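Values in this document were obtained by computation on a predicted structure and should not be read as measured data. Reminder, nothing fancy here: chain letters follow the sequence lines and each chain counts from 1.
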Number of protein chains: 4
Amino acid sequence: MEFRDNEAIYLQIAEHVSDNILTGKWHAEQRLPSVRELAIELEVNPNTVMRSYEFLQKQEVIYNKRGLGFFVAPDADKMVKAYKKERFLKQELPEVFRTMVLLGIKFEDIQKRYEQYTK
Amino acid sequence: MEFRDNEAIYLQIAEHVSDNILTGKWHAEQRLPSVRELAIELEVNPNTVMRSYEFLQKQEVIYNKRGLGFFVAPDADKMVKAYKKERFLKQELPEVFRTMVLLGIKFEDIQKRYEQYTK
Amino acid sequence: MEFRDNEAIYLQIAEHVSDNILTGKWHAEQRLPSVRELAIELEVNPNTVMRSYEFLQKQEVIYNKRGLGFFVAPDADKMVKAYKKERFLKQELPEVFRTMVLLGIKFEDIQKRYEQYTK
Amino acid sequence: MEFRDNEAIYLQIAEHVSDNILTGKWHAEQRLPSVRELAIELEVNPNTVMRSYEFLQKQEVIYNKRGLGFFVAPDADKMVKAYKKERFLKQELPEVFRTMVLLGIKFEDIQKRYEQYTK
DNA sequence: GTGGTCTAGACCACC
DNA sequence: GTGGTCTAGACCACA
């Protein structure tokens with residue numbers, strides 16, 4: 001996996017994991033790949049994956065059974081969705097609007113691009 | 001000036017400067033505040049402002065006249081605009097669309113929020 | 001290491017590093033000394049070494065792996081060589097020729113000195 | 001006049017003046033352009049020209065008659081020539097040879113380029 | 001006055 | 001351990 005180098009790798013991994021939960025690829029109570037497995041797959045240091053899991057555990061998106069591994073929390077998908085939606089609407093979207101105004105980009109242009117994107 | 005602490009101060013200053021150029025507040029060939037002046041105004045170390053100016057100079061948005069100070073480059077406004085537009089359309093916008101699809105947010109909802117934002 | 005005081009130390013360090021790359025002493029993908037290590041070795045401030053590495057990174061001669069250090073870029077040797085050759089042939093050599101004409105130095109004289117130099 | 005920005009302007013002006021002396025454009029005892037005149041011609045601050053003249057005066061290439069201006073010293077051409085030759089042979093040339101070896105440039109190649117240059 | 005460089009030392013996130 | 005950023009303060013050449 002390719003990582004952007006302007007953002008911490010462990011956060012990108014956490015994002016990757018929660019995306020998988022959101023899309024239903026990993027369902028509630030399912031066991032996540034072990035830290036080592038995922039580390040090998042993503043070609044990163046196990047410590048880095050561990051940090052991602054700790055991060056997600058703190059948000060109660062995943063939980064840990066000692067000796068067994070990490071598991072997707074029961075309502076993980078809803079939590080992730082709520083969290084992302086909040087962040088999107090409160091932070092990202094206003095920033096997008098601000099940039100549009102600054103650059104003089106019309107809303108119609110955005111609409112066209114959206115239609116192309118979803119096509 | 002207040003700085004977000006998730007982004008380097010010198011980059012925020014650079015952003016601040018290029019925003020001023022973009023909005024026409026600082027026009028081509030105009031002399032920028034000296035490193036020391038801006039440092040005092042923004043309450044940061046002169047080295048930090050220096051890094052911002054170096055950063056912008058590298059992008060040819062501003063240039064330096066020995067012993068005189070930094071000046072806005074002739075086509076700085078166009079350059080900044082082109083650069084920001086590129087980044088917005090190629091990087092930020094696709095990311096927004098991706099999030100919309102992921103979260104199941106309808107385009108009409110975005111439109112409503114945009115109308116509220118510009119009101 | 002001794003530094004000339006008519007040129008910035010960080011540039012001399014960068015030159016030193018790229019010379020090492022050019023001569024094959026440091027090969028592609030090899031890890032460079034850490035900022036702190038090199039700073040101690042050269043008896044300069046870590047910030048100064050950092051500036052050198054930033055400078056070389058900007059030119060894509062070296063690159064950074066987060067938390068691991070700086071590494072010689074894959075084609076660094078070719079890049080450095082091409083860069084230096086360009087500078088030599090387009091800038092330095094014409095200047096030398098110009099000086100020769102100005103001072104009335106014959107090419108044969110240069111040739112003799114070159115033979116002495118390589119002896 | 002265009003100045004390189006990696007070298008002090010006053011030194012470039014001094015070089016310009018001594019080149020004129022060397023080529024015989026300005027002969028012994030001739031009056032140099034006044035500080036102000038040259039400053040206007042070269043579009044620099046008079047202080048900068050003054051510094052160039054002081055620099056050349058210190059080397060006894062030019063001298064000053066109070067109230068009348070600066071004049072080319074009697075043996076200026078020989079002095080300049082000797083000075084430049086010294087610098088060229090002791091400093092510049094060895095550096096050129098060093099670069100040639102480093103880059104693997106053959107002497108024959110230099111010769112060809114020299115013939116092209118003088119053609 | 002201007003920028004440019006450097007030191008000393010600190011704190012931080014990250015791997 | 002690694003780099004990255006920042007402060008405080010200094011000295012210098014230059015215009």
Side-chain angles (χ1 to χ4, degrees), chain A residues 3 5-14 35 39 42-52 54-55, chain B residues 3 5-13 31-39 42-55 57 62-71, chain C residues 3 5-13 31-39 42-55 57 62-71, chain D residues 3 5-14 35 39 42-52 54-55:
Chain A
F3 297 103
D5 66 344
N6 55 356
E7 192 186 354
I9 291 175
Y10 85 94
L11 288 175
Q12 295 182 56
I13 294 174
V35 169
L42 301 180
E43 296 178 320
V44 297
N45 191 299
N47 289 332
T48 306
V49 174
M50 191 59 191
R51 196 183 259 244
S52 307
E54 282 170 353
F55 178 78
Chain B
F3 297 106
D5 66 345
N6 57 354
E7 192 186 359
I9 292 177
Y10 84 92
L11 288 175
Q12 296 181 55
I13 294 175
R31 184 176 169 277
L32 295 171
S34 83
V35 170
R36 289 171 178 80
E37 277 170 20
L38 192 55
L42 301 179
E43 296 177 318
V44 296
N45 190 285
N47 285 331
T48 305
V49 175
M50 191 63 187
R51 288 200 74 174
S52 309
Y53 279 10
E54 278 174 356
F55 180 79
Q57 190 178 26
I62 66 178
Y63 68 96
N64 173 264
K65 289 187 196 170
R66 294 182 73 121
L68 299 178
F70 285 91
F71 294 77
Chain C
F3 296 105
D5 67 344
N6 56 354
E7 192 187 358
I9 291 176
Y10 83 93
L11 289 175
Q12 295 182 56
I13 295 174
R31 185 176 167 278
L32 296 172
S34 83
V35 170
R36 288 171 180 79
E37 277 170 21
L38 193 54
L42 301 180
E43 296 178 316
V44 297
N45 190 285
N47 286 331
T48 304
V49 175
M50 191 63 188
R51 288 200 75 174
S52 308
Y53 280 10
E54 278 174 355
F55 180 79
Q57 189 177 27
I62 66 177
Y63 68 96
N64 175 264
K65 289 187 196 171
R66 295 181 71 123
L68 299 178
F70 284 92
F71 296 77
Chain D
F3 296 103
D5 66 343
N6 55 357
E7 193 186 354
I9 291 175
Y10 85 94
L11 288 175
Q12 295 182 56
I13 294 175
V35 169
L42 302 178
E43 294 178 324
V44 296
N45 192 299
N47 289 331
T48 306
V49 174
M50 192 59 190
R51 198 182 257 244
S52 308
E54 282 169 353
F55 178 78

I want to confirm an ordering. Mapping B:Glu43 and C:Leu32 to their closest nucleotides on DNA chain F, which one lands closer to the 5' end?
C:Leu32
Residues two or more places apart in sequence or in another chain: which of them pass side chain to side chain contact (heavy atoms under 4.5 Å, CB included) with B:Glu37?
B:Pro33, B:Ser34
In terms of heavy-atom contacts, A:Glu7 and A:Leu11 come closest through OE2-CB, 3.9 Å
Starting at atom CG of C:Asn64, determine the distance to atom C1' of F:dT2, rounded to an integer number of angstrom.
8 Å
Under 4.0 Å protein heavy-atom contacts per nucleotide of nucleotides 10-15 of chain E, with B for base, S for backbone only and - for none
----BS
Identify, with sequence neighbours excluded, every residue that meets side chain to side chain contact (heavy atoms under 4.5 Å, CB included) alongside A:Asn45.
A:Asn47, A:Thr48
Could I get the full list of ring-ring contact (aromatic ring centres under 6.0 Å, His included) partners for B:Phe3, not counting sequence neighbours?
none
CG of B:Leu42 versus P of F:dT7: gap in Å, rounded?
11 Å
Rounded to whole Å, please give me the gap between CD in C:Gln12 and C1' in E:dT5.
12 Å
Just the rounded figure in Å: distance from P of F:dT5 to CZ of B:Phe3.
15 Å
Taking CE from C:Met50 and C1' from E:dT7, how many angstroms apart are they, rounded to a whole number?
16 Å
Note, DNA chain E 5' to 3' with Watson-Crick or G-U pairs under 3.5 Å encoded as ( ), [ ], | and . gives ||||||||||||||.
Residues forming a ring-ring contact (aromatic ring centres under 6.0 Å, His included) with C:Phe55, sequence neighbours excluded
none
For C:Phe70 and F:dG1, what is the distance between atoms CZ and C1' respectively, to the nearest whole Å?
15 Å
Separation of atom CD1 in C:Ile13 from atom P in E:dC6, rounded to whole Å:
8 Å
Non-neighbouring partners of A:Glu54 that pass side chain to side chain contact (heavy atoms under 4.5 Å, CB included), sequence neighbours left out
A:Met50
Hey, could you give me the CZ/OH distance between B:Arg51 and B:Tyr10, rounded to the nearest 0.5 Å?
4.5 Å
Which residues pass the salt bridge (Lys or Arg N to Asp or Glu O under 4.0 Å) test with D:Glu43, sequence neighbours left out?
none
